[in-house]
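Both counts, for ligands and for their atoms, begin at 1 and track the order of listing.
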Amino acid sequence: MKDRLQELQSEALEKVKQSEDLKALQDVRVAYLGKKGPITEVLRGMGKLSKEERPVIGQLANDVRESIANAIQTKQDKLEEKAMEKQLEEESIDVTLPGRPVHVGGPHLLTSIIEEIEDLFIGMGFEIKEGPEVETDYYNFEALNLPKGHPARDMQDSFYITEELLLRTHTSPVQARTMKQKDGHEAVRMICPGKVYRRDTDDATHSHQFTQVEGLVVDENIKMSDLKGVLNAFAKQMFGSERDIRLRPSFFPFTEPSVEMDISCKMCGGEGCSVCKGTGWIEILGAGMVHPNVLEMAGYDPEIYSGFAFGMGPERIAMLKYGVDDIRHFYTNDIRFLKQYHKA
Ligand code: 2U9
């Protein structure tokens, strides 16, 4: 039995040495140290030994078991370390390698411009209002002094859905709805940004869908100078305190008198250049005092209440501010275009 134990020991230690991986090593452990292993077998035969031999064989058996267990543990540590080094090697990151660019998105140029405009007017005490893009003929036209058959309607070629429903051609209906919701006495101080639709052939300066930011102030004793003051403050904050504004007479069915606001040309400082077509001025928006018919239809007594309104196209402002030469760039979502204006 002594020889058997030593034979098992050398045999097991050899198997441990030959074990290439943890699996093989585990098999050796089970094969030699397991319950059904040969050493256990030998120990079961202890009964046949003399009582002198038993402690000797017993001790030897334990020594053999321990030496095999230690050899297995040592080999396991070595194999695990080797596996770790291999993993580290495989997973080692060459920190000199350029990182994979993480393309972070950002607000669309139009969104930034509209938010910039909103912040300016919020700063002047305006509230932001939104409304339905599918609008009724009443709120899109009639409430804005454009009765059925009015020629000015053709200026805004429309996508009609039914006799009475269309895709709104401007955000003015939201102002009309807001006035209507108020009881004809409450003051109004709001802007309304949003998408509008006109049955237009898309080209460099026209798109069938574009955006607008319109504004409205209605209260007692609102005057043209209030309009000019607000527009001046807006222009200087949006385009620079060194810019001048000028108001030119114009016409809109929903405002009387009506004006268009120009700002002095940044490129030539007003001397005249290709950007301002030699005028020194760049047209930015339209505005005017709210037409009494519009006030009346919304329940405001024009004898007591007056108001001003304005409307601008964020695309136009973005094109001026960033030198964009084609309005379609805002909608074709070409990443090469979009990422140029991506504020990190
Ligand atoms: C109500 C009363 C009056 C809104 C106004 C303009 C002038 C204007 C243009 C800007 C760029 C249209 O997209 S655009 O070409 N709009 O010039 N808009 S006054 O007047 C209103 C609106 C609502 C109840």
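- Side-chain atoms of S306 and N221 form no donor-acceptor pair, as typed in the model, at a separation below 3.5 Å.
- Under the 4.0 Å criterion applied to side-chain N and carboxylate O atoms, D262 and R246 are assigned as salt-bridge partners.
- At the top of the distance list for atom 3 (C) of ligand 1, counting protein heavy atoms only, stands A309 CB, 3.3 Å.
- Distances from atom 17 (O) of ligand 1 to the heavy atoms of S250, G286, A176 show the closest one on G286.
- Aromatic rings from F310 and F121 are positioned such that their centres are separated by under 6.0 Å.
- Given atom 1 (C) of ligand 1, the protein heavy atom at minimum distance is L144 CD2, 3.5 Å.
- Residues T111 and I114 have side chains not in contact (no heavy-atom distance under 4.5 Å, counting atoms from C-beta outward).
- There is no protein heavy atom closer than 4.0 angstrom to atom 15 (O) of ligand 1.
- Among F251, F254, Y139, F210, the residue whose heavy atom lies nearest to atom 5 (C) of ligand 1 is F254.
- Shown in contact with G313 at under 4.0 Å from a heavy atom are these atoms of ligand 1, numbered in order with element: 11 (C).
- In this structure, the ring of F337 has its center less than 6.0 angstrom from the ring center of H329.
- Ligand-side atoms of ligand 1 in range of V294: 24 (C), range being under 4.0 angstrom from any heavy atom.
- When all heavy atoms of K236 and D244 are compared, the closest pair comes out as NZ-CA, 4.0 Å.
- The closest protein non-hydrogen atom to atom 10 (C) of ligand 1 is G311 O, 3.0 Å.
- Given atom 12 (C) of ligand 1, the protein heavy atom at minimum distance is Q212 NE2, 3.1 Å.
- Protein heavy atom in closest approach to atom 4 (C) of ligand 1: E214 OE1, 3.2 Å.
- Contact check on K182 versus E127 returns a salt bridge, with a Lys/Arg side-chain nitrogen under 4.0 Å from an Asp/Glu carboxylate oxygen.
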